[in-house]
Visitor: 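Mind having a look at this structure? Questions to follow.
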Number of protein chains: 2
Amino acid sequence: MLSDVMEDYLKAIYYLEREGDAPVGTSRIAEYLEVTSPTVTSMVESLADRGFIEREKYKGVELTDEGETVAVEVVRHHRLLEAYLTEHLDYDWSEVHEEADALEHHISEEFERRVAEALGDPEVDPHGDPIPGADLTPPDEGVGTRLSEHGSGDRVRVERVSDRDAEELAYLQDAGIAPGIVLEVTDVAPFGMVTVAVGDEEQSLPETVARSIRVTTATGSEDRAVGGA
Amino acid sequence: MLSDVMEDYLKAIYYLEREGDAPVGTSRIAEYLEVTSPTVTSMVESLADRGFIEREKYKGVELTDEGETVAVEVVRHHRLLEAYLTEHLDYDWSEVHEEADALEHHISEEFERRVAEALGDPEVDPHGDPIPGADLTPPDEGVGTRLSEHGSGDRVRVERVSDRDAEELAYLQDAGIAPGIVLEVTDVAPFGMVTVAVGDEEQSLPETVARSIRVTTATGSEDRAVGGA
DNA sequence: TATAAGGTTTAGATTAGTCTAATCACGGGC
DNA sequence: GCCCGTGATTAGACTAATCTAAACCTTATA
Ligand SMILES: [Mn+2]
Ligand SMILES: [Mn+2]
Ligand SMILES: [Mn+2]
Ligand SMILES: [Mn+2]
């Protein structure tokens, strides 16, 4: 009914609405999807015609409820697939994103249902991203704060990491940083470089990485380097 | 690299080469893929240009070695997926074909490898279709004979059923007919209607169905209604 | 408030895959 | 050996998704 390209545009707009200000402009979509601006202009025209987005020329776009539902459905597919691949096919969390991107548009509702059942209806995927429920209510994507906003002495629990960059994920894995892990910020250097203590080890993270890690304040009862999938 | 549409054409030609005489004509491909003849003509031109098929105008096409390898790869994906869906996601054998058709073009080599491993490198899929090995050597698709070629009194072992028609598969399942099952032909009526004994039951099968079931002569040691996945 | 810079849209072209309508080729029957 | 029917191809058109180059808004700033 809706092409996978269109689904990708809606998913992109869903992310961008939550990462920056609304409305979402042409060039942000273009950069995110690695296409040119005129391509985006013509695509958002169709999506607006079909009622999936609200569009104001020269301003940008916003998902309608219908468009948001489509996006949430694709996101549910994506994150269920990521969870399934790690849980049942022994994938590493740094490898699942690409595979899920390729499959998310091609699985049936039946497949979605069975995968969810095999996983016991999980609430988050391996990166800590919330998995929308079968009713497609948009999940809360804004849990906690960015690690980059914290200062020395803060003890925080990792809630979410970004799933887009396999290299970054491999590095975090190596550093022992994953959802559930508790760590302490020991230093914040110029340009936002954050040093954290993870168990006995210290790790330095560039600002771009620290910004993509979402954390909550750790309660006293949690130990450092405990938890995580 | 190669579009999924092109992969579907190569897979179709692979099947048709094995179902009828070579070379494979335009209209047979058109009927199989449910497109029009001119569409096929233009597509086979591209495939010939790219070296995947040998084409003689007004005669038909044949896969080159390269084209055959692509087809076998897609067939491997398809049948591994069918096996995985039945074994690990509790699908019924009548439901897996469509799902596999949608996914076969979109899984990575890594995914293929892991699914094969999870299954223990099976030799056949739930319908008895041979699963090509990772080396992509074309498997023997011509095992046994068609049930429709047998006469009263023949005791045969079911090797393969067609996976294309979900309704037919549901019927066969109900009738207790599946790969591994041994049955006896009790009657062949006009127009090819075949009656068989399966365990204690008798089942009548129209010629079209009997032709799509491949069987081997049962050895004495096998019991009726034993075996099958 | 005029203008320049950035971002957006328009214009026009391209490729893949599909269709319908019309024409063409080949082999069987007379 | 000619004709005709069946099947194949050609011709021309369409949609979806993309691009480059050029023109166009909007807004911030001088
Ligand atoms: Mn995608
Ligand atoms: Mn994720
Ligand atoms: Mn297919
Ligand atoms: Mn099969």
Side-chain angles (χ1 to χ4, degrees), chain A residues 1-13 15-17 19-63 67 70-71 74 101-102 104-106, chain B residues 1-14 16-17 19-63 67 70-71 74 101-102 104-106:
Chain A
M1 242 261 67
L2 206 52
S3 73
D4 44 345
V5 173
M6 282 186 164
E7 288 184 352
D8 276 339
Y9 275 83
L10 294 175
K11 189 178 67 157
I13 295 164
Y15 284 129
L16 294 170
E17 277 184 350
E19 298 267 291
D21 324 293
V24 179
T26 305
S27 51
R28 273 171 73 208
I29 301 171
E31 190 191 348
Y32 188 86
L33 291 177
E34 301 183 80
V35 296
T36 63
S37 294
T39 300
V40 173
T41 298
S42 98
M43 192 68 219
V44 295
E45 270 172 27
S46 318
L47 289 171
D49 286 350
R50 297 218 202 180
F52 295 114
I53 59 180
E54 210 64 68
R55 173 172 185 248
E56 202 175 343
K57 250 170 131 175
Y58 291 101
K59 290 286 165 52
V61 301
E62 243 167 302
L63 293 174
V70 172
V74 178
D101 250 7
E104 65 193 7
H105 312 289
H106 304 287
Chain B
M1 242 259 66
L2 205 53
S3 72
D4 45 345
V5 173
M6 279 185 165
E7 288 183 353
D8 276 339
Y9 275 83
L10 294 175
K11 191 178 68 158
I13 295 164
Y14 176 88
L16 294 171
E17 277 184 349
E19 297 268 292
D21 326 291
V24 179
T26 303
S27 50
R28 272 171 72 207
I29 300 172
E31 190 191 349
Y32 188 87
L33 291 177
E34 301 183 79
V35 294
T36 63
S37 294
T39 300
V40 173
T41 298
S42 98
M43 193 65 219
V44 295
E45 270 172 28
S46 319
L47 289 170
D49 285 350
R50 298 220 201 178
F52 295 114
I53 58 179
E54 210 66 67
R55 172 171 186 250
E56 202 174 344
K57 250 171 130 175
Y58 292 101
K59 290 287 165 49
V61 301
E62 242 166 304
L63 293 174
V70 172
V74 178
D101 249 8
E104 65 192 6
H105 312 290
H106 304 285

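To find a chain, count down the sequence lines: A is the first, B the second, and so on, and within it residues start at 1. Computed over heavy atoms, backbone and side chain alike; hydrogens, waters and symmetry mates excluded.
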Visitor: Going by the angle between their ring planes, with limits at 30° and 60°, are B:His106 and A:His106 parallel, tilted or perpendicular?
Guide: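 Geometry flag for A:His106 against B:His106: parallel rings.
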Visitor: Between atom OG1 of A:Thr41 and atom OH of A:Tyr58, what is the distance when rounded to the nearest 0.5 Å?
Guide: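 One gets 9.0 Å once the value is rounded to the nearest 0.5 Å.
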Visitor: Protein-nucleotides 3-5 of chain D N/O pairs closer than 3.5 Å?
Guide:
none

Visitor: Whole angstrom is fine here: how far is it from CE in A:Met1 over to C1' in D:dT15?
Guide: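 Nearest whole value for this atom pair: 14 Å.
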Visitor: Do A:Val61 and A:Glu54 have side chains that approach each other closer than 4.5 Å (heavy atoms only, starting at C-beta)?
Guide: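 Heavy-atom side-chain distance check fails, nothing below 4.5 Å.
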Visitor: Could B:Glu104 and B:Lys11 be called an ion pair, given the rule that one side-chain N must be under 4.0 Å from one carboxylate O?
Guide: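 The answer is yes: the pair qualifies as a salt bridge.
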Visitor: If I take atom CG in residue B:Asp4 and atom P in nucleotide D:dA17, what distance separates them, rounded to the nearest angstrom?
Guide: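 Checked: the CG to P distance equals 13 Å.
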Visitor: How long is the line joining CG of A:Asp49 and C1' of D:dT15, in whole Å?
Guide: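 Rounding to the nearest Å, CG of A:Asp49 and C1' of D:dT15 are 14 Å apart.
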Visitor: How many whole angstroms separate atom CD of B:Glu31 from atom P of D:dT6?
Guide: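 From B:Glu31 CD to D:dT6 P: 16 Å.
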Visitor: Would you mind reading off the distance between A:Leu2 atom CG and D:dA16 atom P, rounded to a whole angstrom?
Guide: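 Atom CG in A:Leu2 sits about 12 Å away from atom P in D:dA16.
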Visitor: Over how many whole Å does the gap from B:Asp8 atom CG to C:dA16 atom C1' extend?
Guide: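 So the two atoms are 15 Å apart, to the nearest Å.
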Visitor: Atom OH of A:Tyr32 to atom C1' of C:dG7: distance rounded to whole Å?
Guide: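 Taking OH of A:Tyr32 and C1' of C:dG7, I get 21 Å after rounding.
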Visitor: Does OP1 or OP2 of D:dA16 have a side-chain N or O of A:Tyr9 closer than 4.0 Å?
Guide: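 The answer is no; no side-chain N or O of A:Tyr9 sits under 4.0 Å from OP1 or OP2.
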Visitor: Hey, are A:Asp21 and A:Arg28 close enough for a salt bridge, meaning a charged N less than 4.0 Å from a carboxylate O?
Guide: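 Looking at A:Asp21 and A:Arg28, the cut-off is not met.
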Visitor: In residues 51-63 of chain B, which ones come under 4.0 Å of DNA chain D, going by heavy atoms?
Guide: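 B:Arg55, B:Lys57, B:Tyr58, in order of number.
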Visitor: Do A:Val40 and A:Tyr9 come close enough that some side-chain heavy atom pair is under 4.5 Å?
Guide: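 A side-chain contact exists here, since the closest heavy-atom pair is under 4.5 Å.
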Visitor: Does C:dG17 have its OP1 or OP2 closer than 4.0 Å to a side-chain nitrogen or oxygen of B:Ser3?
Guide: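 Yes, such a contact exists.
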Visitor: For the pair made of CD1 in A:Ile29 and P in D:dA17, what is the distance, rounded to whole Å?
Guide: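 Taking atom P of D:dA17 as the reference, CD1 of A:Ile29 is at 15 Å.
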Visitor: In residues 33-46 of chain A, what residues come within less than 4.0 Å of DNA chain D, judged by heavy atoms?
Guide: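 Those residues whose heavy atoms fall under 4.0 Å from DNA chain D, taken from residues 33-46 of chain A in numerical order, are A:Val35, A:Thr36, A:Pro38, A:Thr39, A:Ser42, A:Met43.
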